[in-house]
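This report concerns only the one structure given below.
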Amino acid sequence: MAGTRTITAPSRSSAPSRVVEPLRVVAFGGALLVLELLAAHAIVSADVRVFALFVLVAAAAFVLRFPLATALVMFGLTDFIFYATFFSYPLGSVSVRPHEVALAALLLLAAVRPVRRTWGGTAGAALAAFLALVTVSALLAIYAGRTTSSEALSWARPFAMLAFFWVIVRLFPTPEQRRTLLTGVAAIAAGTGVVALVVALGAGFGHSLEAPGGETIRAQGSIERVRLAGLSAGYALFWFAVVQMVAGRGARRLAWALILGGIVLDIVVSFNRNMWIGLAIGLILMAVLGGARLRNRLLAAVAVGIAGMAMLGIFGASTNSNSSVVGPVIKRGETLLHLRKTEQESSLADRFRETRAAWKVAEDHLAIGVGAGAPFGVFSTEQVGSGEFVTGFRRSPQLFLHNQYLYLLLIAGIPGLLAFLLFLGTPVRYAFGRRPRDPAVAACGVGIALIMISSVVAIYFSVEDMTAVLGLLAGVVVADAEGRGAEGRRSGLVA
């Protein structure tokens, strides 16, 4: 039959590959020769510019050949033990950050050589509108003198990581690719948890992981409270890891149990009550959306967990070693059961005050906002000097806001806030309304929903480690929806 492939006579569709393949080999050999010549010339002449060109060409070749590996490298730079700003390299008046270079290369590849020609439908259009509105608002703020170009860039650039959404939908159309990417990021998050536990127990290298501002590590009773960058990925992928562990068999289940254990350690030693509450809400959502098998396993796990906490409460204080480690965690958790005590904490009172002050400014700039990096009536007080040499206090504008919805309103106005909500709300709707249900896709939707809930009181929409993860989850869910629409088959995100 015409057009049928055989082992003796290639069909018309397969014949060109025999011509193209030698050309690919020659092109690869030529590119390798150019790289070697550049490297040799850089070493002999000690020319930094040539060496930088060599590194750039090598990195571009790596991205072209291994886009999935490049994406995992990017997450290693944004969601592991160091915060993304740690790797900044000053170049003139701006700083170059490797994770942004990796994202730019992936976006360029997605634009010029996509595997699937889509921009993500409604979610993609909403993301484009949001980024455009943030840019316009910042430019207007600079023009009006409310902020400087450096401040505007500094506070707006974390949102660029949301563009990873387009990398997912255009470069990784198959369920296998997306599952590999999610697995890799979950493994990175688990590694973060192991490091965080070691630091929490008093490892001497903890100070080297400190983020600018000194909020990464803080004393919490007899142990340290540790919040490394990978905590964001662990929170977002917690329920995805649970689904994979439940669905796994043998060695695969053991591997996912270890990954989940690392993520749990990270969330525990973070002492982040917002995340603890979020996981409890996620338990309810997954019980509803995850199917009967997952629901039964979750109920059994909850029973075991309650029994374990009861044992800790009864016997944990009987030995000094246990109470010194477990005691601060139990004490922190008990505050969730005493809402009046929680409401009286100074941190919550400060957040209420900053919200009231910021809202007064937002009311006058509902159309386009004041712009990223522009003051909005909230100030922080810092002491001048240290120890016995404190000479006074300095008030400076606070350019971030814990209520992230109000913050988006301030930097992009009502249109920007609505565009952002549409960008995240679309994949959540796809994940929760999927037919047939896929627990792994539902878990990705739950991850987005939990971040949205926590962002009422926590800075999750405007930091690189969280925006990168939001771009990942939104892209995975939308790519799943578009793939099912085009091919009419199940996603297969569960290993």
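Fair warning: this is a prediction, and the values are worked out from it, not measured in the lab.
Scanning all heavy atoms of the two residues, the minimum distance from Gly124 to Phe165 falls at CA-CE2, 3.5 Å.
Centroid-to-centroid, the aromatic rings of Phe75 and Phe80 stay 6.0 Å apart or farther.
Phe432 pairs by the ring-ring contact (aromatic ring centres under 6.0 Å, His included) definition with nothing, not counting sequence neighbours. The side chain to side chain contact (heavy atoms under 4.5 Å, CB included) test applied to Ala358 returns Phe376, Val378, Leu401, Leu406, Leu410, not counting sequence neighbours. Scored by the side chain to side chain contact (heavy atoms under 4.5 Å, CB included) test, Val288 finds no partners at all (sequence neighbours excluded). Scanning for ring-ring contact (aromatic ring centres under 6.0 Å, His included) contacts around His402 gives Phe400, with sequence neighbours left out. Looking at residues two or more places apart in sequence or on another chain, you find no side chain to side chain donor-acceptor pair (under 3.5 Å) involving Ser154. By the side chain to side chain donor-acceptor pair (under 3.5 Å) test, Tyr407 pairs with no residue at all, sequence neighbours left out. Listed by chain and number, the residues in a salt bridge (charged side-chain N to carboxylate O under 4.0 Å, His left out) with Arg157 are Glu100 (sequence neighbours excluded). With sequence neighbours excluded, the residues satisfying side chain to side chain contact (heavy atoms under 4.5 Å, CB included) with Ile414 are Leu366, Leu409, Leu418. The side chain to side chain contact (heavy atoms under 4.5 Å, CB included) search around Arg356 returns Phe352, Arg353, not counting sequence neighbours.
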Just list the side-chain donor-acceptor pairs under 3.5 Å for residues 445-454, sequence neighbours left out, or say none.
from	atom 1	to	atom 2	distance (Å)
Ser454	OG	Tyr235	OH	2.8
Ser454	OG	Leu450	O	3.1

Which atom pairs, donor and acceptor, lie under 3.5 Å between side-chain atoms of residues 464-472 and protein residues at least two apart or in another chain?
from	atom 1	to	atom 2	distance (Å)
Glu464	OE2	Arg97	NH1	2.8
Asp465	OD2	Ser232	OG	2.4
Thr467	OG1	Pro158	O	2.8
Thr467	OG1	Val463	O	3.1
Thr467	OG1	Glu464	O	3.3

(request) Take Asp266 and Arg227, measure what salt bridge (Lys or Arg N to Asp or Glu O under 4.0 Å) needs, and give me the verdict at the end. (result) CA-CA 8 Å; Asp266 201 12; Arg227 296 179 181 177; over 6 Å; no

(request) List the steps, then state whether side chain to side chain donor-acceptor pair (under 3.5 Å) holds for Thr180 with Gln177. (result) CA-CA 5 Å; Thr180 298; Gln177 290 173 316; over 6 Å; no

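Identified under the side-chain hydrogen bond (donor to acceptor under 3.5 Å, both in side chains) test for residues 125-142, with sequence neighbours left out: none.
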